[in-house]
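Each remark here refers to the structure printed beneath this line.
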Amino acid sequence: LYNLLMKIFLINLKRATERLMSCEEEFRKAGLDFSIIEAIDGKELKLPHDNFSSIKYSLLHGKKSNLGELGCYLSHLKVLKTFIESEEKYALVCEDDIKIDSEIKEIVDKALNSDINFDLLRLSGGSNPSIEKGIPVKLRQLTDKYHLALNFGFKSGTGSYLINRKAAEAILKKLKVMSLPIDHAIDRDWLLNIRSLCISPSPILLKEELHLRNSFINATKSYKLNPLIRYWAMVPYRFVNELIRIFYKIFIWVKIKIED
């Protein structure tokens, strides 16, 4: 399966050698081969940038421009372009601060062979395994521990996800200009006209010592805009966005139940 249908990509900054060594060990233990995609370094970017809308970013996200976030966003687009140029049907995209469950091969295989179709499968959570992100509603049991699920809330993070060509092409076409961080952007299924599911609980977690203590994005509170601007611009957008999400997810859940 992994040789015939799937390509595994690891996004890694050239200067992030500690992260690369960590991931090499994680992939080795999981028995996975991967290709490194050199990440776009935010330190080498300048504004204005053709692929970044600073006004939309500030209004929709309530923060000042962050070149680290832009580098991360463009790195994911770079991976998806590389994937589309290949012949594989799926890509497993991974960031370099992850911890992989030993069952990952079985989980992905069973998800792909389940009777529920998807275009994007979110595999990663945060650094705390006891906290589930995205309000997942279980759809199918895959193993004793893991389920195929549908998120009814925003699922943060893009530590790892499985994506098909349809979803990759939609992201490259509709999200080529950044107006939100990559996790916020791809979590809007209705905009992309794709079906996004997840694995619950997340089989891939973030290593706290790399994700929080050694972040290359540094999306700290210092980037937040003045509260008056932040809440009058961002809150109405978030309210409408989450309202659309709930109705869309209900529609997808009903559709899946009808397909049973």
Side-chain angles (χ1 to χ4, degrees), residues 1-2 5-13 16 18-37 39 72 75-76 79-80 83 88 90-114 118-136 138-151 153-164 167-168 181-184 186-187 196-217:
L1 171 64
Y2 285 85
L5 296 177
M6 186 184 306
K7 187 86 172 176
I8 302 175
F9 296 104
L10 173 66
I11 301 173
N12 174 252
L13 276 171
E18 181 184 356
R19 287 175 170 234
L20 178 57
M21 288 189 292
S22 171
C23 278
E24 285 175 338
E25 178 63 15
E26 289 295 323
F27 283 113
R28 184 193 65 77
K29 289 189 293 186
L32 300 175
D33 296 322
F34 64 95
S35 297
I36 298 174
I37 298 295
C72 177
S75 297
H76 279 269
V79 170
L80 297 182
F83 164 49
E88 278 75 20
Y90 301 94
L92 180 61
V93 180
C94 300
E95 295 178 350
D96 58 5
D97 54 355
I98 58 173
K99 181 178 181 180
I100 304 172
D101 190 285
S102 59
E103 293 185 60
I104 192 64
K105 279 187 176 181
E106 181 183 2
I107 295 164
V108 171
D109 284 347
K110 289 190 173 181
L112 287 172
N113 288 299
S114 75
F118 57 83
D119 303 300
L120 178 65
L121 184 66
R122 307 287 292 279
L123 296 167
S124 60
S127 55
N128 187 343
S130 64
I131 299 176
E132 278 272 39
K133 297 187 176 184
I135 317 176
K138 296 173 182 176
L139 301 171
R140 288 285 186 280
Q141 185 166 2
L142 301 177
T143 69
D144 290 341
K145 180 180 179 181
Y146 294 103
H147 290 75
L148 193 61
L150 175 67
N151 285 320
F154 165 62
K155 184 171 176 63
S156 61
T158 49
S160 182
Y161 55 89
L162 180 70
I163 190 168
N164 66 12
I182 189 64
D183 54 346
H184 287 259
I186 69 171
D187 205 43
S196 175
L197 301 180
C198 73
I199 300 296
S200 176
S202 300
I204 295 179
L205 300 174
L206 304 180
K207 288 188 174 181
E208 186 174 348
E209 66 272 19
L210 297 177
H211 177 65
L212 297 177
R213 300 175 194 162
N214 191 22
S215 173
F216 286 93
I217 295 178

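Keep in mind that this is a model prediction, so the values were computed, not measured.
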Within the side chain of [X], is there an N or O that forms a donor-acceptor pair under 3.5 Å with the backbone of [Y]?
X: Asn151; Y: Gly153; result: no
X: Ser202; Y: Leu205; result: no
X: Asp187; Y: Asp183; result: no
X: Arg122; Y: Lys155; result: yes

Partner residues of [X] under the side chain to side chain donor-acceptor pair (under 3.5 Å) criterion, sequence neighbours left out:
X: Ser156; answer: Lys133
X: Asn164; answer: Asp119
X: Ser102; answer: none
X: Thr158; answer: His76, Glu95

Side chain proximity check, [X] to [Y], heavy atoms < 4.5 angstrom:
X: Ser75; Y: Ile37; answer: no
X: Ile11; Y: Val93; answer: yes
X: Pro201; Y: Tyr146; answer: yes

Measure the spacing between [atom1] of [X] and [atom2] of [Y] and express it to the nearest 0.5 Å.
X: His147; Y: Lys138; atom1: NE2; atom2: NZ; answer: 4.5 Å
X: Leu10; Y: Cys23; atom1: CG; atom2: SG; answer: 4.5 Å
X: Ile199; Y: Leu148; atom1: CD1; atom2: CG; answer: 5.0 Å
X: Ile100; Y: Glu25; atom1: CD1; atom2: CD; answer: 10.5 Å
X: Leu150; Y: Ser200; atom1: CG; atom2: OG; answer: 11.0 Å
X: Ile36; Y: Cys94; atom1: CD1; atom2: SG; answer: 12.0 Å

Could you check Leu197 against Leu120 for side-chain contact (heavy atoms from CB on, under 4.5 Å), going step by step and ending with a plain yes or no? CA-CA 6 Å; Leu197 301 180; Leu120 178 65; over 6 Å; no

Test of understanding: with ring-ring contact (aromatic ring centres under 6.0 Å, His included), list the residues that count as partners of [X], not counting sequence neighbours.
X: Phe27; result: Phe34
X: Phe9; result: none
X: His184; result: His61, Phe154

Residues that [X] engages under salt bridge (Lys or Arg N to Asp or Glu O under 4.0 Å), provided they are two or more places apart:
X: Glu103; result: none
X: Asp101; result: none
X: Lys110; result: Glu106
X: Lys145; result: none

Quick one: do Ile8 and Asp33 satisfy side-chain contact (heavy atoms from CB on, under 4.5 Å)? Show the steps, please. CA-CA 7 Å; Ile8 302 175; Asp33 296 322; over 6 Å; no

Under the side chain to side chain contact (heavy atoms under 4.5 Å, CB included) test, which residues partner Ala168, sequence neighbours left out?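 Partners of Ala168 under the side chain to side chain contact (heavy atoms under 4.5 Å, CB included) test: Leu80, Phe83, Ile84, Ile163.
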
Ser160/Leu92 under side-chain contact (heavy atoms from CB on, under 4.5 Å): CA gap, chis, key distance, verdict: CA-CA 7 Å; Ser160 182; Leu92 180 61; 3.7 Å; yes

Tell me the closest heavy-atom pair linking Ile104 and Ala30, and the distance in Å.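 Closest approach of Ile104 to Ala30, heavy atoms only: CG2-CB, 4.0 Å.
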
Hey, mind stepping through Arg19 and Asn12 against side-chain contact (heavy atoms from CB on, under 4.5 Å) and telling me if it holds? CA-CA 8 Å; Arg19 287 175 170 234; Asn12 174 252; 4.2 Å; yes

